[in-house]
**Student:** 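Just passing along the structure, written as structure tokens.
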Amino acid sequence: MASLPSHYTLPSGDRIPSVALGCWKASPGEVGLAVSAALKAGYRHIDGAYVYGNEEEVGKAIRKSGFRREELWLTSKLTNIFHAPEDVEAALDYSLGKLGTDYLDLYLIHWPIAFKKEGENVLDIELTANPYPTWKKLEEMVDKGKVRNIGISNFNIARIQNLTANPLKYQPAVNQVELSFWNPQPELLKWAKEHNLLLEAYSPLGSNNQVKETLSVPEVKTLAKELGITPAQVVISWAVQRGTVVLPKSVTPSRIQENLQVFKLPQGAFDKLEAAAAAHPPKRVVNPSERWELGFDLFDNDWPF
Ligand SMILES: NC(=O)c1ccc[n+]([C@@H]2O[C@H](COP(=O)([O-])OP(=O)(O)OC[C@H]3O[C@@H](n4cnc5c(N)ncnc54)[C@H](OP(=O)(O)O)[C@@H]3O)[C@@H](O)[C@H]2O)c1
Ligand SMILES: *[C@@H]1O[C@H](CO)[C@@H](O)[C@H](O)[C@H]1NC(C)=O
């Protein structure tokens, strides 16, 4: 079978591997083994975050693997309580310390929602409405050499345009968003391509609570059988063929290996899957708006303020 791109080139010139190991909900005691298994299987890209609470174990597994730092791609994310410009560098340093490295390949604003440091989920309305002060600090981190690329996550088009309307020194290199059979977001994908913004597909298998449903979608199962690959490989391949980075999470060595094997689907198969994904109303697995008691949907394209 034909192959898919193993990397994409970012505006910085850096080449980001198209398939990463996702580290969310990988428990202590599990995540290190998953990272070791992934590096052994050929992954060179690890997608983590401060808020996953497991960067120390990830770092240990990386150091144990014996890879040179420059052989690996490490992503982390700035969490909501550290958007204030004066908090950004300390948050980054914390993740660097846990991972045991002196730079990240990619640092993302995890959510377009800023909370005050004190109190639980107290919205910082100004920094939520206008992420530019946070972004400027991230640009400074690039200039300091602590991060090679900066990006965003969970930003809709309105929020991206609000950010990029500022005189940015560095454009967002990626936007990491939920992209799956259930929430394929063709409009965002088209827009991102037109604006040279790479998307990263999170929860590509439907996350823990919907992975079974994803892998039993009739179109997915039929294609898997036709092509002699697994249902997970069908949807992960589809994600790369759509031109996105894909971040499947697994702590199971056999699945970790399975998920790295992507194949170019025949055009007809690709089109069939794309149409099937668009044929039902989009449904997100991940939307913390209610849990965070925001009083609005953070993905709403109408500016809430
Ligand atoms: N930026 C954000 O806000 C954000 C939000 C969500 C996710 N993410 C990133 O995206 C990554 C992936 O998303 P996700 O963790 O939500 O979910 P996912 O990758 O869509 O699904 C993970 C689930 O699928 C199972 N699985 C993995 N490979 C499989 C296979 N080949 N066959 C059968 N089952 C399989 C895993 O089980 P086992 O682990 O038990 O094998 C786990 O239950 C995260 O880990 C994180 O890095 C980012
Ligand atoms: C982004 O939106 C906020 C809130 O509406 C506004 O104050 C700010 O000026 C906008 N930024 C740009 C560059 O338009």
Side-chain angles (χ1 to χ4, degrees), residues 23-24 47-55 75-99 104 106-144 146-147 149-178 185 188 192 195 197 199-200 202-203 247 284-305:
C23 292
W24 184 38
D47 184 77
Y50 167 92
V51 86
Y52 302 163
N54 55 20
E55 290 190 308
T75 297
S76 183
K77 313 186 188 90
L78 177 73
T79 202
N80 305 357
I81 53 168
F82 298 135
H83 283 210
E86 63 271 24
D87 294 332
V88 169
E89 187 161 13
L92 172 58
D93 286 345
Y94 181 90
S95 285
L96 290 174
K98 292 286 175 194
L99 288 167
L104 292 177
L106 180 62
Y107 199 39
L108 308 178
I109 299 183
H110 201 152
W111 292 93
I113 300 296
F115 289 139
K116 302 214 158 120
K117 245 189 316 183
E118 277 76 39
E120 216 186 306
N121 301 352
V122 181
L123 194 65
D124 182 326
I125 293 181
E126 271 175 43
L127 282 175
T128 299
N130 179 17
Y132 184 48
T134 311
W135 188 260
K136 259 201 290 205
K137 196 68 197 186
L138 290 177
E139 291 178 330
E140 207 182 301
M141 297 300 99
V142 176
D143 291 336
K144 267 196 162 181
K146 292 189 178 189
V147 198
N149 300 276
I150 50 178
I152 51 186
S153 177
N154 295 300
F155 275 54
N156 62 21
I157 293 173
R159 290 182 188 277
I160 300 167
Q161 283 174 324
N162 173 265
L163 173 61
T164 58
N166 295 288
L168 305 187
K169 182 162 185 191
Y170 304 112
Q171 296 294 314
V174 311
N175 185 21
Q176 182 177 126
V177 291
E178 182 175 334
Q185 307 203 64
L188 177 64
H195 291 81
L197 174 63
L199 297 185
E200 295 190 330
Y202 79 57
S203 304
L247 317 167
R284 284 179 193 279
V285 182
V286 183
N287 186 350
S289 301
E290 279 184 25
R291 182 160 52 84
W292 290 344
E293 299 179 357
L294 295 177
F296 58 88
D297 187 326
L298 74 94
F299 294 108
D300 197 339
N301 254 313
D302 295 326
W303 203 248
F305 305 105

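Remember, it's a predicted structure, so these values are computed and weren't measured experimentally.
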**Student:** Check Pro112 against Ser153 and note the closest heavy-atom contact, atom names and distance.
**Tutor:** CD-O, 3.7 Å

**Student:** Does CD belonging to Gln161 count more than 12 external heavy atoms closer than 6.0 Å?
**Tutor:** yes

**Student:** Mind checking salt bridge (Lys or Arg N to Asp or Glu O under 4.0 Å) for Lys137 and listing every partner two or more places apart, or none if nothing turns up?
**Tutor:** Glu140

**Student:** Side chains of Ser203 and Glu178 only: does a donor on one sit below 3.5 Å from an acceptor on the other?
**Tutor:** no

**Student:** Measure the shortest side-chain to side-chain distance between Pro288 and Leu298 over non-hydrogen atoms and say whether it is less than 4.5 angstrom.
**Tutor:** yes

**Student:** Donor-acceptor pair, Asp297 side chain versus Phe299 backbone, under 3.5 Å?
**Tutor:** yes

**Student:** Kindly say whether the aromatic ring centers of Phe82 and Tyr94 come within a distance under 6.0 Å.
**Tutor:** no

**Student:** Spell out, as yes or no, whether a donor-acceptor pair under 3.5 Å connects the side chain of Thr79 to the backbone of Val51.
**Tutor:** no

**Student:** Side-chain contact test, heavy atoms from C-beta onward, threshold under 4.5 Å: evaluate it for Leu78 versus Leu92 and give yes or no.
**Tutor:** no

**Student:** Do Ile150 and Tyr170 touch side chain to side chain, with heavy atoms closer than 4.5 Å?
**Tutor:** yes

**Student:** Take Ile152 and Arg159, measure what side-chain contact (heavy atoms from CB on, under 4.5 Å) needs, and give me the verdict at the end.
**Tutor:** CA-CA 10 Å; Ile152 51 186; Arg159 290 182 188 277; over 6 Å; no

**Student:** I'd like to know if the side chain of Asn156 and the backbone of Asp300 have a donor-acceptor N/O pair within less than 3.5 Å.
**Tutor:** yes

**Student:** The criterion is salt bridge (Lys or Arg N to Asp or Glu O under 4.0 Å); which residues satisfy it with Lys117, sequence neighbours excluded?
**Tutor:** Asp87

**Student:** With the side chain counted from C-beta on, respond yes when Ile109 and Leu163 share a heavy-atom pair under 4.5 Å apart, and no when they do not.
**Tutor:** no

**Student:** Using side-chain heavy atoms (C-beta onward) and a distance below 4.5 Å, is His195 in contact with Gln171?
**Tutor:** no

**Student:** Under the side-chain contact (heavy atoms from CB on, under 4.5 Å) rule, what do Leu123 and Phe115 come out as? Steps first, then yes or no, please.
**Tutor:** CA-CA 5 Å; Leu123 194 65; Phe115 289 139; 4.3 Å; yes

**Student:** Taking all heavy atoms of Ser289 and all of Asn287, pick out the closest pair and write down the distance.
**Tutor:** OG-OD1, 2.6 Å

**Student:** In terms of side-chain heavy atoms, does Lys98 have a donor or acceptor partner in Tyr50 at a distance below 3.5 Å?
**Tutor:** no

**Student:** Does Asn175 reach the main-chain N or O of Gly151 with its side chain, forming a donor-acceptor pair under 3.5 Å?
**Tutor:** no

**Student:** Roughly how far, to the nearest 0.5 Å, is the OH atom of Tyr52 from the NZ atom of Lys77?
**Tutor:** 3.0 Å

**Student:** Quick check for you: to the nearest 0.5 Å, what is the distance between Leu96 atom CG and Glu89 atom CD?
**Tutor:** 9.5 Å

**Student:** If only atom types and distance count, is the side chain of Thr128 paired as donor or acceptor with the main-chain N or O of Ala114 below 3.5 Å?
**Tutor:** yes

**Student:** My understanding is that only residues two or more places apart in sequence, or in another chain, count here; which of them pass salt bridge (Lys or Arg N to Asp or Glu O under 4.0 Å) with Lys169?
**Tutor:** Asp143

**Student:** Counting only heavy atoms not in Glu86 (residues, nucleotides, ligands), do more than 12 fall under 6.0 Å from its CD?
**Tutor:** yes

**Student:** Please report whether the ring centroid of Trp24 lies less than 6.0 Å from that of Tyr202.
**Tutor:** no

**Student:** Run the side-chain contact (heavy atoms from CB on, under 4.5 Å) test on Thr75 and Leu108 for me, step by step, so that the C-alpha distance in whole Å, both residues' side-chain angles and the decisive distance to 0.1 Å come before the verdict.
**Tutor:** CA-CA 8 Å; Thr75 297; Leu108 308 178; 4.2 Å; yes

**Student:** Minimum heavy-atom separation for Gly48 and Cys23, please, with both atom names.
**Tutor:** CA-CB, 4.4 Å

**Student:** In the structure I gave you, are the side-chain heavy atoms of Asp47 and Gln176 within less than 4.5 Å of one another anywhere?
**Tutor:** yes

**Student:** Rounded to the nearest 0.5 Å, how far does CH2 of Trp292 lie from CG of Asn121?
**Tutor:** 7.5 Å

**Student:** Taking C-beta and beyond as the side chain, do Tyr132 and Pro167 meet within less than 4.5 Å on heavy atoms?
**Tutor:** yes

**Student:** Walk me through whether Thr164 and Leu197 qualify under side-chain contact (heavy atoms from CB on, under 4.5 Å).
**Tutor:** CA-CA 11 Å; Thr164 58; Leu197 174 63; over 6 Å; no

**Student:** Using side-chain heavy atoms (C-beta onward) and a distance below 4.5 Å, is Pro172 in contact with Phe155?
**Tutor:** no

